[in-house]
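Please read the structure below before turning to the comments.
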Amino acid sequence: MSTLVTGIGHLATQDDELGELTNAALVIEGGCIGWIGAAIDAPDCDEQVHLGSRAVIPGFVDSHAHLVFAGDRTAEFAARMSGQAYAAGGIRTTVAATRAASTDSLRANVRRLSQELLRAGVTTFECKSGYGLDVATEQRSLQIAEEFTDETTFLGAHVIPADASDPAAYVELVCGDMLTACAPHARWIDVFCDRGAFDAEQARTIIAAGQGAGLTPRLHANQLEPGPGIQLAVEMGAASADHCTHLSPADIDALANSNTVATLLPLAEFSTRAIYPDARRLLDAGVRVALATDCNPGSAYSTSMPLAIAIAVRDMRMTPAEALFAATVGGANALQRDDIGRLAVGRRADFTVLNAPSYVHLAYRPGVPLIEHVWRNGEQVWPAPAED
Ligand code: NIG
Ligand code: FE
């Protein structure tokens, strides 16, 4: 069974060889791209879909999201907009609500947010634990997350919970019983290495334990203040250093000389009214950059990759092409995946149809719902096709 998708006005493949095509078409076979090129050269297929000159981009890869939680933090957000600063301690409010929530209600919340992500054009997302902070709730969080994605991350080291006897005992718990219960349900380990959370020594201990259990690290680093997180991420061979809001020249050098991706999360700076990371300096230094949502109830309660792109272009001086690349290939790099992020023969047929003539409109028309259809594994998944 083959499907020809034609009438593509503008196709951003993100592939080195093909780049951007106009009047393009692609063929889907077995969930992957079987052929891609000029519409006029397209082969015959079993069925055909005509897109009426709309633009097509690869599905977004959201490499940083915290979706397993209960409750919200409306009051904290309102207080912040009246001048209060964001602090890591707010996480404990969500921990209390998450521990008290039923598994069904936590699952329903992840389902709701994963649908929101899909409607925003996201075809692959990462999902962290980190609002349980006890063995049972962290494990339960990851068991729910793995129902929705393969990219699950153990974040038992989000903050030290209110009921911990002392920080050292909590670090021991995270590296011991909690890791044992969580590792079978996670691919990644993350630590929030920042003011009010974990210091470099604690983070190093936790990451090493995670690596010992077969998990690959990714780190929350340098969100709230300058610090050791980014260089620690590089030193430990992390797949990505996330936030990178506060960057020193040594941080940029370390990233530029590594395979660690700098994952920028502008929706967090937007919703905490913080400065944006210096994406320009990172890109000019040759650092590999990803853009992700950071969707969570505290610092960034948004699933909108298009809004993240618009901010990256407007306020972080990324070009529209750089922002699209970071939201697709960048996310795939941050998740160490090469089957997604680009549209090329043999890659997964994960793509988004925009009600626009090109991807530039994602930034040019901020806040406008341009995502018309989303395809994953060669099937249209949003809007869900009507049942026969
Ligand atoms: O990435 N910084 C740490 N974790 C989240 C925020 C969590 C929260 O405030 O609930 C973040 O911004
Ligand atoms: Fe985060």
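Whatever order the structure lists ligands and atoms in, that order sets their numbers, starting from 1.
His66 and His220 have tilted rings, their planes meeting at an angle from 30° to 60° on a 0 to 90° scale.
Between the side chains of Ser102 and Asp104, no donor N or O sits under 3.5 Å from an acceptor N or O. Inspection of the Thr245 and Gln223 side chains reveals no N or O donor paired with an N or O acceptor under 3.5 Å. A donor and an acceptor atom, one from each side chain of Asp251 and Ser248, are located under 3.5 Å apart. Side-chain contact of Glu20 with Tyr359: a donor-acceptor pair under 3.5 Å is present, judged by distance alone.
Between Glu147 and Arg111 there is no salt bridge, since no side-chain N of the basic residue sits under 4.0 Å from a carboxylate O of the acidic one. A salt bridge between Arg337 and Glu126 is absent, with no side-chain N of the basic residue lying under 4.0 Å from a carboxylate O of the acidic one.
The only option from His10, Glu372, His373 that meets the side chain to side chain donor-acceptor pair (under 3.5 Å) definition with Arg54 turns out to be Glu372.
Within 4.0 Å of ligand 1, contacts by protein heavy atoms are made from His64, His66, Arg73, Tyr86, Ile91, Tyr131, His158, Phe192, His220, Gln223, His243, Asp294, Asn296, Gly298, Ser299.
The Fe ion (ligand 2) has His64 NE2, His66 NE2, His220 NE2, Asp294 OD1 as protein N, O or S atoms under 2.8 Å away.
In this structure, Val191 is a member of the same hydrophobic cluster as Leu232, with clusters built from ILVMFWY side-chain heavy atoms closer than 4.5 Å.
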